[in-house]
Engineer: 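Provided herewith is a single structure, encoded as structure tokens, for subsequent inquiry.
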Amino acid sequence: MKNFPERLKAARKMNGFSMQNLADKLEGKISKQAIGRYEKGLMKPSPKNLHLLCNVLGVKSDFFNRRVSVELLPDISYRKLECLPAKKQEEIKEKTIDYLERYIELEEILGLKNKFSNPILKKKINDYADVEEAAEKVRSSWNLGTDPFHNIVELLEEKDIKIIEIESDDAFSGMSAKTKDGHRVIVLNKIPEISIDRKRFTALHELGHHLLDLEKFKDDKKMEERMCNHFAGAMLLSKDSLRSELGGKRKNIHLKELMLIKEQYGISMHAILIRAKKLNYISEYQYGEQMNIFKRLNILRIEPGNFCGSEHSKRFLRLIIRAVAEDYITTSKAAVLYNVKLADFRKELNRLE
């Protein structure tokens, strides 16, 4: 366990624990001072203490001997960064690394290579019009047409962008990051409080961070975020689709009309209005009037209408089951990679509903 100090620190941060928190969870069986010595590499735990640490930290002993090591590049992008404490950012980052290490190890076992390719690599982004063109280019290159996306998460995984879903507080919507060896990852918050349309928008916003050349805005983070927001809106509801739905320039848009478009395309009513304003289908004044209606009806945060599509990917599980079926790994190893107990994995393997 030559990397035990670093792995222990990562597991602790993944759980959001300080050394004192971890010692408290261990109920005095291992002291804060001993944990500090473990993390400095001055002392190694006994088999009994290693078992205690694994139980409290929710990891298996294999975690401390994992052969695949992932390092995220420093330019990590969080949505709502100002609302997210540094400790929570560290927790999300370590959970991301843990998942990626298991995912990449599985792909290596199966001989799969990272095939991520940016279809708009050479396009410079200077304004919203450039973002609009970039979204059209992505749709064209990926043969997506202009129809609504049923499952964005599955789509992005097919394009070799790893999607990780975790539970965090509502201040966190999503994150995008890259590894040193070129893997791309998007992290999404899967708590029920986050609506499916917000989750879809966040996934495509983070895709914007991966695909768009935003060098011009490197010193203006707010503008960078607006460009990624515009990209997400353009991907969810193309210019042609919006023109078709609205029929051109409008004096007014009924709330029920917005709700029906939302239910078809999986984009929030507010985001539809922003697109309509940006593309000059409604005026700034009309947009403001609509926002006043939203406020009066108290539907700014929780809108009416629901998109019925799914936003999950089972690629990781499919690959694990393939590896088991082809005898690349045992069911015990599969449970380790899936990060569940062996009995739970066997239940998952035999569940056919």
Engineer: Could you pull out the closest heavy-atom pair between Val185 and His210, with the gap in Å?
Structural biologist: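 Of all heavy-atom pairs spanning Val185 and His210, the closest is O-NE2, 3.0 Å.
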Engineer: Using a side-chain heavy atom cutoff under 4.5 Å and only I, L, V, M, F, W and Y, what cluster partners does Leu121 have?
Structural biologist: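 Leu121 clusters with nothing; isolated.
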Engineer: Side-chain donor-acceptor pair under 3.5 Å between His230 and Glu132, yes or no?
Structural biologist: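 A donor-acceptor contact under 3.5 Å links the two side chains.
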Engineer: What residues, two or more places apart in sequence or in another chain, satisfy ring-ring contact (aromatic ring centres under 6.0 Å, His included) together with Tyr281?
Structural biologist: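 With sequence neighbours excluded, Tyr281 shows a ring-ring contact (aromatic ring centres under 6.0 Å, His included) to no residue whatsoever.
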Engineer: Could you tell me whether a side-chain N or O of Lys162 sits under 3.5 Å from a main-chain N or O of Arg184, the two making a donor and an acceptor?
Structural biologist: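 Here the side-chain-to-backbone pair does not exist.
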Engineer: Rounded to the nearest 0.5 Å, how far apart are CZ of Arg66 and CG of Asn3?
Structural biologist: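 Output value for this atom pair is 12.0 Å.
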Engineer: Aromatic rings Tyr38 and Phe4: how do their planes relate, parallel, tilted or perpendicular, breaks at 30° and 60°?
Structural biologist: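 Tyr38 vs Phe4 ring planes: perpendicular.
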Engineer: For the residue pair Tyr338 and Phe345, does the interplanar ring angle fall in the parallel (under 30°), tilted (30 to 60°) or perpendicular (over 60°) class?
Structural biologist: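 The arrangement is perpendicular - the two ring planes meet at more than 60°.
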Engineer: Using a 6.0 Å distance limit plus a 45 degree cone around the ring axis, check whether Arg200 lies over the aromatic ring of Phe307.
Structural biologist: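 Positive - Arg200 is close enough to the ring of Phe307 and near enough to its axis.
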Engineer: Can you sort out the partners of Tyr103 under ring-ring contact (aromatic ring centres under 6.0 Å, His included), two or more places apart, ordered by chain and number?
Structural biologist: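 Listed in chain order: Tyr99, Phe316.
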Engineer: Can you measure from CD1 (Ile30) to CG (Leu22) and round to the nearest 0.5 angstrom?
Structural biologist: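 Here the rounded value is 7.5 Å.
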Engineer: From Ile120 CD1 over to Ser140 OG, what is the distance, rounded to the nearest 0.5 angstrom?
Structural biologist: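 Nearest 0.5 Å value for the CD1-OG distance: 12.0 Å.
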Engineer: Give a yes-or-no answer on whether the side chains of His150 and Glu311 include a donor-acceptor pair shorter than 3.5 Å.
Structural biologist: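 Checked: His150/Glu311 side chains show no N/O donor-acceptor pair below 3.5 Å.
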Engineer: Apply the test side-chain hydrogen bond (donor to acceptor under 3.5 Å, both in side chains) to residues His205 and Glu225: give CA-CA distance (whole Å), side-chain angles for both, the deciding distance (0.1 Å), then the verdict.
Structural biologist: CA-CA 8 Å; His205 172 101; Glu225 292 299 295; 2.9 Å; yes
Engineer: Could you walk me through whether Glu245 and Tyr265 pass the side-chain hydrogen bond (donor to acceptor under 3.5 Å, both in side chains) test, one step at a time?
Structural biologist: CA-CA 11 Å; Glu245 294 294 339; Tyr265 290 89; 3.1 Å; yes
Engineer: Is the backbone N or O of Val70 less than 3.5 Å from a side-chain atom of Lys180, with the two atoms forming a donor-acceptor pair by type?
Structural biologist: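 Not at all, since once roles are kept as given, no pair shorter than 3.5 Å links the two residues.
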Engineer: For Leu100 and Leu72: C-alpha separation, side-chain torsions, deciding distance, then whether side chain to side chain contact (heavy atoms under 4.5 Å, CB included) applies.
Structural biologist: CA-CA 10 Å; Leu100 279 175; Leu72 298 181; 3.9 Å; yes
Engineer: Rounded to the nearest 0.5 Å, what separates atom CE in Met269 from atom CD1 in Ile261?
Structural biologist: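 That separation rounds to 9.5 Å.
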